[in-house]
Structure formats: structure tokens, C-alpha cells
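Step one of this worksheet: look at the structure below.
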Amino acid sequence: MTIKLAIAGARGRMGGTAVLAANEAADIEVVAALDYKHDGEFLHNETVTGMEGGVPIYTSLSALNAAHHPDILLDVTDPDAVFANASEALTLGLHVVIGTSGLTDDMLSDLESLSKEQQKSCIIAPNFSIGAVLMMKFAQQAARYLGDIEILEMHHDRKLDAPSGTAVKTAEMIREVRAAHIQGHPEEQEKLAGARGADVEGMKIHSIRLPGLLAHQEVLLGGEGELLKIRHDSFDRKSFAPGILLAIREAVSTTQFVYGLEKIID
């Protein structure tokens with residue numbers, strides 16, 4: 001069975017990675033792209049070699065669906081667009097994979113309800129890198145024993161949301177096993193607002209945005225007389241391809257709502 005895939009955000013950097021990964025997979029066919037402009041045109045770049053005529057672009061998901069009947073929509077746009085796209089896709093009877101961070105708790109709840117109502121899968125991946133997912137799982141395991149934690153996430157300077165979805169997901173996973181408590185001196189004074197970073201039940205998250213970076217995260221776990229560092233680095237967007245394919249294949253084999261690739265990695 002060939003999986004018919006539509007991609008929202010195919011003209012972007014992550015979208016290009018997704019098109020290339022799917023194009024090289026024997027069981028996946030990219031049938032169309034969803035965009036906010038260029039309706040009726042075709043996607044032509046190095047990622048669509050071998051696709052005669054290129055990938056057709058639509059600004060309407062309903063029109064795309066009527067013309068190509070995809071099995072799944074992969075959305076790698078931004079939080080403002082992805083919620084509307086995913087909601088419409090589920091309503092149209094498509095499975096959905098989301099590779100965009102920044103969705104609110106209310107958005108996640110609404111998508112979960114719609115996924116269950118339509119009996120279509122919705123897989124949300126704050127990070128498609130298998131290594132990053134393993135980093136989160138390892139940090140959660142270590143947090144059972146070392147509960148004083150700070151998360152340092154570093155990304156390119158074109159990233160819109162801070163903290164990153166990966167950092168937020170890491171903190172959420174750690175929160176499941178860590179008793180909430182204040183870290184540092186109980187009378188600590190922040191002389192400059194934000195100096196100690198964002199706070200999640202006493203854990204701190206620090207965001208760095210610089211040119212030259214791609215996607216990096218380090219989890220620091222401190223104990224008496226020791227420090228454990230768990231770090232992951234993505235140096236190339238190719239690192240996201242295996243996770244993209246994993247999520248796509250999982251999505252068409254289930255009807256579940258899944259938040260985080262760690263749920264589908266054994």
C-alpha cells in the first residue's frame with residue numbers, strides 16, 4: 001500500500017526535508033502541497049526530483065482533498081496555521097501529523113477531541129529527531145534520582161517560539177516523575193527580569209537564539225557533588241527524516257491521538 005501524503009509548509013526548510021524523505025521512501029507518495037499562496041502552481045526544487053511536473057500547490061485543503069484524496073496531512077507550518085489546518089484535515093477524514101511546536105493546551109485538547117470524534121489519528125511531534133526523543137526519555141529517567149534540573153535549548157535565530165516545543169515537552173515528561181520544588185537559594189533575587197529563565201514547577205528553561213545554530217538541547221541534572229549532562233545536537237535537518245517517516249507510517253496504522261514520538265518508540 002502506498003501512503004498518499006499532502007504536506008502543509010512544503011516550501012519551508014522543514015517541509016523540504018519532509019518532501020525529500022517521502023520522495024525517497026518506496027511506500028509514500030507526495031500528492032500535493034497546501035500553502036497560503038501559489039495556488040495552481042507546482043513545487044519545483046531539489047526535493048522533488050523524479051516527480052514529473054512537480055507537486056501541485058493548493059490554498060484550499062478541501063480542494064486538495066477532492067482532487068488527490070490523500071491519506072494524511074503532514075503540517076510543518078506555524079502554530080497560527082497548523083491548528084486550523086489540522087482541524088479541517090481531521091474533519092475531512094484525513095490522518096494528521098504535526099511537526100510544529102507552540103500549540104496551546106486548549107489547541108491540543110481540541111485536536112484530541114476531534115481525533116477521537118473522527119476516529120482519525122493525530123500525531124504531534126515537538127521534535128522529529130529520534131536522538132532528541134531519546135534525550136527526553138533519558139532525562140525523564142534520570143530525573144527520578146536527580147531532581148534539580150535546568151534545561152538549556154539553543155536554536156537558529158529564525159525560530160519564532162520560545163521556549164521550544166522540545167524543551168516544553170522535556171519539562172512535561174520530567175514533571176511526571178519529579179516532585180515540584182523550588183531550586184536554588186530560597187531568597188534568590190532576579191536582578192534582571194528573565195535572568196533565571198522560564199519556570200516549570202521549579203525547573204528552569206533557558207532559550208538561546210543565534211545564527212549558526214540549528215536545534216540543540218542540554219538537560220543539566222544536579223546532585224550533591226555531581227552534575228549529569230544529557231545533550232542532543234541536530235546539525236542538519238536530515239536528522240529529522242527518520243522521525244518524519246516513522247510518524248507518517250504510524251499515523252496510517254492507528255486512530256489514536258499521540259503527543260510526542262516517545263509514545264511510539266519502544
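Excluded from the calculations below are hydrogen atoms, water molecules and symmetry mates; all remaining heavy atoms, backbone and side chain alike, are included.
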Decide yes or no for [X] and [Y]: does some side-chain heavy atom of the first lie under 4.5 Å from some side-chain heavy atom of the second?
{"X": "Ser87", "Y": "Asp110", "answer": "no"}
{"X": "Leu111", "Y": "Phe257", "answer": "yes"}
{"X": "Gln217", "Y": "Ile230", "answer": "no"}
{"X": "Phe138", "Y": "His232", "answer": "no"}
{"X": "Val96", "Y": "Asp75", "answer": "no"}
{"X": "Leu214", "Y": "Phe235", "answer": "no"}
{"X": "Ile72", "Y": "Leu94", "answer": "no"}
{"X": "Leu108", "Y": "Glu112", "answer": "no"}

Under a plain distance cut-off of 3.5 Å, with no hydrogens placed, do [Y] and [X] share a side-chain donor-acceptor pair?
{"X": "Asp106", "Y": "Thr104", "result": "no"}
{"X": "Asp148", "Y": "His181", "result": "yes"}
{"X": "Ser62", "Y": "Ser60", "result": "yes"}
{"X": "His38", "Y": "Glu41", "result": "yes"}
{"X": "His216", "Y": "Ser234", "result": "no"}
{"X": "Thr2", "Y": "Glu29", "result": "no"}
{"X": "Glu153", "Y": "His206", "result": "no"}

If you round to the nearest 0.5 Å, how far is [atom2] of [Y] from [atom1] of [X]?
{"X": "Ile3", "Y": "Met1", "atom1": "CD1", "atom2": "CE", "result": "6.0 Å"}
{"X": "Asp80", "Y": "Leu160", "atom1": "CG", "atom2": "CG", "result": "8.5 Å"}
{"X": "Thr254", "Y": "Gln119", "atom1": "OG1", "atom2": "CD", "result": "9.5 Å"}
{"X": "Leu146", "Y": "Glu224", "atom1": "CG", "atom2": "CD", "result": "10.5 Å"}
{"X": "Met203", "Y": "Glu150", "atom1": "CE", "atom2": "CD", "result": "10.5 Å"}
{"X": "Ile7", "Y": "Leu34", "atom1": "CD1", "atom2": "CG", "result": "11.0 Å"}

Is it the case that one hydrophobic cluster holds both [X] and [Y], taking links as side-chain heavy atoms less than 4.5 Å apart, direct or via other members?
{"X": "Val31", "Y": "Tyr58", "answer": "no"}
{"X": "Ile248", "Y": "Ile124", "answer": "no"}
{"X": "Met154", "Y": "Ile151", "answer": "no"}
{"X": "Phe83", "Y": "Val76", "answer": "no"}
{"X": "Ile130", "Y": "Leu74", "answer": "yes"}

Give me the atom names and distance for the closest heavy-atom approach of [X] to [Y].
{"X": "Cys122", "Y": "Ile98", "result": "SG-CD1, 4.2 Å"}
{"X": "Leu228", "Y": "Ala142", "result": "CD2-CB, 3.7 Å"}
{"X": "Glu190", "Y": "Arg196", "result": "OE2-N, 2.8 Å"}
{"X": "Ala139", "Y": "Leu221", "result": "O-CD2, 4.1 Å"}
{"X": "Phe128", "Y": "Gly99", "result": "CE1-CA, 3.4 Å"}
{"X": "Pro70", "Y": "Asn65", "result": "CD-OD1, 3.6 Å"}

| field | Non-neighbouring partners of Tyr259 that pass ring-ring contact (aromatic ring centres under 6.0 Å, His included), sequence neighbours left out | value |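 Testing Tyr259 for ring-ring contact (aromatic ring centres under 6.0 Å, His included), a comparison that skips the adjacent residues, returns none.
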| message | Could you walk me through whether Ile208 and Leu210 satisfy the side chain to side chain contact (heavy atoms under 4.5 Å, CB included) test, starting with their C-alpha distance in whole Å, then the side-chain angles of each, then the deciding distance to 0.1 Å, before giving a yes or no? | response | CA-CA 7 Å; Ile208 293 174; Leu210 288 172; 3.9 Å; yes
| query | By side chain to side chain contact (heavy atoms under 4.5 Å, CB included), which residues pair with Lys120, not counting sequence neighbours? | reply |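 Scan of Lys120 (side chain to side chain contact (heavy atoms under 4.5 Å, CB included), adjacent residues dropped) gives Leu90, His95, Gln118.
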| Non-neighbouring partners of Leu220 that pass side chain to side chain contact (heavy atoms under 4.5 Å, CB included), sequence neighbours left out |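 In terms of side chain to side chain contact (heavy atoms under 4.5 Å, CB included), with neighbours along the sequence ignored, Leu220 is linked to Glu218, Leu227, Lys229.
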Would the distance check show the side chain of [X] and the main-chain N or O of [Y] forming a donor-acceptor pair, the cut-off being under 3.5 Å?
{"X": "Asp161", "Y": "Ser164", "answer": "no"}
{"X": "Ser121", "Y": "Thr255", "answer": "no"}
{"X": "Thr17", "Y": "Arg13", "answer": "yes"}
{"X": "Ser109", "Y": "Asp105", "answer": "no"}
{"X": "Ser253", "Y": "Glu250", "answer": "yes"}

| query | Looking at Arg231 and Asp233, does any basic side-chain N land under 4.0 Å from a carboxylate oxygen? | reply |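 The answer is yes: the pair qualifies as a salt bridge.
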| Thinking salt bridges, do Asp157 and Lys159 make one under a 4.0 Å N-O criterion? |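 Salt bridge between Asp157 and Lys159, a charged N being under 4.0 Å from a carboxylate O: no.
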| Which is it for Arg11 and Lys37 under the side chain to side chain contact (heavy atoms under 4.5 Å, CB included) test, yes or no, and what are the steps along the way? | CA-CA 11 Å; Arg11 290 189 301 110; Lys37 59 181 181 180; 3.3 Å; yes
| task | Evaluate side chain to side chain contact (heavy atoms under 4.5 Å, CB included) for Ile149 paired with Arg178, printing each intermediate quantity in order. | result | CA-CA 10 Å; Ile149 298 163; Arg178 172 188 178 273; 4.1 Å; yes
| Considering residues, nucleotides and ligands other than Lys116, do more than 12 of their heavy atoms fall under 6.0 Å from its NZ? |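 No, because the 6.0 Å sphere around NZ of Lys116 holds 12 heavy atoms or fewer from other groups.
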| In this structure, are over 12 heavy atoms from other groups packed under 6.0 Å from Glu201 atom CD? |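 More than 12 heavy atoms, drawn from other residues, nucleotides or ligands, come within 6.0 Å of this atom.
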| request: Please assess Lys4 against Val30 for the test side chain to side chain contact (heavy atoms under 4.5 Å, CB included), listing each intermediate value before the final yes or no. | output: CA-CA 6 Å; Lys4 297 172 68 176; Val30 181; over 6 Å; no
